[in-house]
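Worksheet: one structure, shown below.
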Amino acid sequence: MSARLLRRVLQEREAAPQDPEVAEDEQSEEEEASPPRAAARNLFDLLDGGDGEEEDKEDEKERSQPLSYPQQKHSLQKKPANIVPETSKKSKKKKKKTKGEPSSTKSKDEQSLDSILEDLSIEKKTTQQRGHQSDRAAGKEIVTNEATHGATSVLEIDPKHLKGENEMRRIFGSKVVDSFENQRNMPSSSRQVRGVRRVVHNPRKTLLVSPPSYWPPWDKSLTMHLLETKNGLNYFRYAFDPSVRHVQELFEAAKAANDLNAIAAILGKYPYHPESLLTFAELFKYSGEHQSSADAVEKCLFALECAWHPLFSPLQGNYQLKYSHDTNKPFFTALFSHMKNLDRRGCHRSALEVCKFLLSLDSDDPKGALFCIDYFALRSQQYKWLEQFAEEYQCDNSLWLFPNFSFSLAIARFYLERDATSEGSDHVDKSTSVDLMKQALMLHPLVLRKIVDKAPLKDSSWTQILRNVFFGSAKPGSPSLDHMINIYVERHYIMWRFPELQNLMKEAALLVIESLKQDNREAQDWACVRKEAFSAEKNEYSHLLVSDFSDTTPSLPPEELRPFMVGPGMVHEMPPVEQEAAGPERLRAPREVAGRNPALVFLESLLPWVDYGDNHHDAIEDNNGD
């Protein structure tokens, strides 16, 4: 035999012990797939002198009966250290046996989840105790939400309906809204200036708005302090950080000089200054840039929400943020503007939730949320909630005496009756919608004439109704009531364009005329009620502008806004608008843009009337080059 052949045989013999293991593994797989057979007895067990038949029987019982997880753990702990581990075949069988025990693993998972929840609750309690101890050390008493508000408040806010994006997704679908948001978040060519890049990061999640990724991080320039706790309510106030208090002085100086460039410079360095953002929001609104105005308002709300106190939450209801503090006023203004923007987008349910939040901030209602909350409830079809709100909300006068609630409650009852007839149920114990509308017309007859003029209602039957003395010569009786009626007509006139509501008012008006023909003293009784409810000689709601409740926004031409874009002494140096409008080269940016603050350049690029230069130097350079 040659040496080469001998080495080959030796190599085959050395590799031979590995083959039985592979064969054994393949055999085990075949045994698992085939039906179970009688277990073959191992002949090497006979060599163990101390093992008898009883131990063999016990081993067979242990193999036949599956072990639970604690029994396996106990048996493993009892094994000596020098014992030989079992083969891979037995380990596979044990894995199958443990897979066949879902109850033990499930109980272990449940125990682990319970322990995690207990740890979280302990951490939450410890953090709450630390916060309470710190506030008590400052001499303040904290009252928890469970102790003060056991019952559900009528102004409870639903966080699912608070964002307009969620309502848009329910109306149009997620794909449409997501594509719109992606186009909105992408930097467009008109807004992007050379040398300016958007820094994308993960913004902080907030409750009121959804901040895009290109917004800068919050600068922590605002904080909210807990002033006191009185009658179960926590009173808060916004405050500027000591390091940025001079920014408010700069803003007041720029506002007094009507210098919007100075305000833009403030936003370039402090992009979340609330009053500067609201100023530009008003500027965008009056120039017709409604989307830019809404973005500025949402940015202001994002900064104000990031500054909330840990105990301040719209979902609790035990808070008060008084409008009398100057630092709190931007939050009211931003919420009111955000509510109007949601209504303009058709998100009436979200506007209703924001209006609830605005009304719950201050019991004095400084922004007039009571004069539009019924409108949003009707547009979002929350008729039962509107009736519940009118019954439970505490006010100086009964809400049904207000012009907006007297007519809106009749409209809500009309739609509830229509839904009840379709479902087969009825409201026997309540007044009908015709009776409520009749009471509203008897209490506020002036509303009918103003609705006919504002809507307008051009049917000839309305002309005949207005010829009646009761409706034709109706007077408000007090300045406050006259102002409230004007606000109602401006806010709700669009509701009376529905034919079913026109028929309801027409039917009630004819019944009023018939009842007055039989007994004229009823009109005098309602006049006494009206005079007693609104007896003030001065207008108590003069701080509320009728234009703030209007859907139409007056727009100003750019030439009237240009004096506010420069300092007061530079107006006479500006060229006329017609001269600047001539030629497309005025849109080209000068060379100095690359060295300026990117945030400031970005803000200025949003303004359609911003002039970066007349390119006079470029023309001179071109001529010299020729």
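We count residues from 1, following the sequence as given.
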Inset, instruction - Report the C-alpha distance between Lys329 and Glu275 in whole Å, list the side-chain angles of each, state the deciding distance to 0.1 Å, and finish with yes or no for salt bridge (Lys or Arg N to Asp or Glu O under 4.0 Å). - result: CA-CA 9 Å; Lys329 292 180 180 180; Glu275 296 191 40; over 6 Å; no
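- Side-chain contact check for Ser360 and Tyr319: at least one donor-acceptor pair (N or O, by modelled atom type) lies under 3.5 Å.
- Between Trp496 and Leu504, every side-chain heavy-atom pair lies at or beyond the 4.5 Å cut-off.
- Shown here are the ring pair (Phe, Tyr, Trp, His ring centres under 6.0 Å) partners of Phe549, two or more places apart in sequence or in another chain: Phe336.
- Ring geometry for Tyr488 against Phe407 counts as parallel: the plane angle stays under 30°, on a 0 to 90° scale with 60° as the upper cut.
- Of the charged side-chain nitrogens involved, at least one lies within less than 4.0 Å of a carboxylate oxygen, so that Arg491 and Asp343 count as a salt-bridged pair.
- Classified by interplanar angle (parallel below 30°, tilted 30° to 60°, perpendicular above 60°), the ring pair His273/Phe240 is parallel.
- Looking at Ser350 and Asn166, their side chains never come closer than 4.5 Å, going by heavy atoms from C-beta outward.
- With hydrogens and angles left out, the side-chain atoms of Thr229 and Asn234 include a donor and acceptor closer than 3.5 Å.
- Counting heavy atoms from C-beta outward, His483 and Glu540 have side chains that stay 4.5 Å or more apart.
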Inset, instruction - Go through Leu335 and Leu361 one step at a time and tell me if the side chain to side chain contact (heavy atoms under 4.5 Å, CB included) criterion holds. - result: CA-CA 11 Å; Leu335 272 181; Leu361 285 177; 3.6 Å; yes
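- Side-chain contact between Glu167 and Ser380 is absent, with no heavy-atom pair separated by less than 4.5 Å.
- In this pair, Trp308 and Phe312 present their aromatic rings perpendicular. The plane angle is above 60°, beyond the 30 to 60° band.
- Look at Glu353 and Lys356 and you find a salt bridge, because one of the NZ, NE, NH1 or NH2 atoms lies within 4.0 Å of a carboxylate O, short of that distance.
- Proximity of the aromatic rings of Phe236 and His309 is defined here by a centroid distance below 6.0 angstrom, and this criterion is met.
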Inset, instruction - Please assess Asp295 against Gln291 for the test side-chain hydrogen bond (donor to acceptor under 3.5 Å, both in side chains), listing each intermediate value before the final yes or no. - result: CA-CA 6 Å; Asp295 292 341; Gln291 185 59 49; 3.1 Å; yes
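- Looking only at distances, a side-chain donor or acceptor of Asp362 sits under 3.5 Å from a matching main-chain atom of Asp364.
- For the 3.5 Å distance criterion, the side chains of Ser478 and Ser480 fail to qualify, holding no donor opposite an acceptor.
- Taking each heavy atom of Leu401 and His444 in turn, the nearest pair found is O-NE2, 2.9 Å.
- With a 4.5 Å cut-off on side-chain heavy atoms, Met484 and Phe371 count as touching.
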Inset, instruction - Verify side chain to side chain contact (heavy atoms under 4.5 Å, CB included) between Met437 and Arg413, making sure each step is shown before the conclusion. - result: CA-CA 10 Å; Met437 184 61 68; Arg413 184 63 54 83; over 6 Å; no
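- Residues Lys322 and Ser363 have side chains in contact (heavy-atom distance under 4.5 Å, counting atoms from C-beta outward).
- By the 4.5 Å heavy-atom criterion applied to side chains, Leu386 and Ser408 are counted as neighbours.
- Note on Lys450 versus Asp482: salt bridge recorded, some NZ/NE/NH1/NH2 to OD/OE distance being below 4.0 Å.
- Between Arg245 and Glu249 the shortest side-chain heavy-atom distance does not fall below 4.5 Å.
- Note: Trp400 and Trp526 have perpendicular aromatic rings, judged against thresholds of 30 and 60 degrees for the angle between ring planes.
- Using a cut-off of 4.0 Å between Lys/Arg side-chain N and Asp/Glu carboxylate O, Lys285 and Glu282 are scored as salt-bridged.
- One side chain, His161 or Arg170, offers a donor N or O that lies under 3.5 Å from an acceptor on the other.
- The aromatic rings of Tyr272 and Phe302 sit tilted relative to each other, their planes meeting at an angle between 30° and 60°.
- Results of the ring pair (Phe, Tyr, Trp, His ring centres under 6.0 Å) test with Tyr383 over Phe389, Tyr415, Phe414 single out Tyr415 as the only residue that passes.
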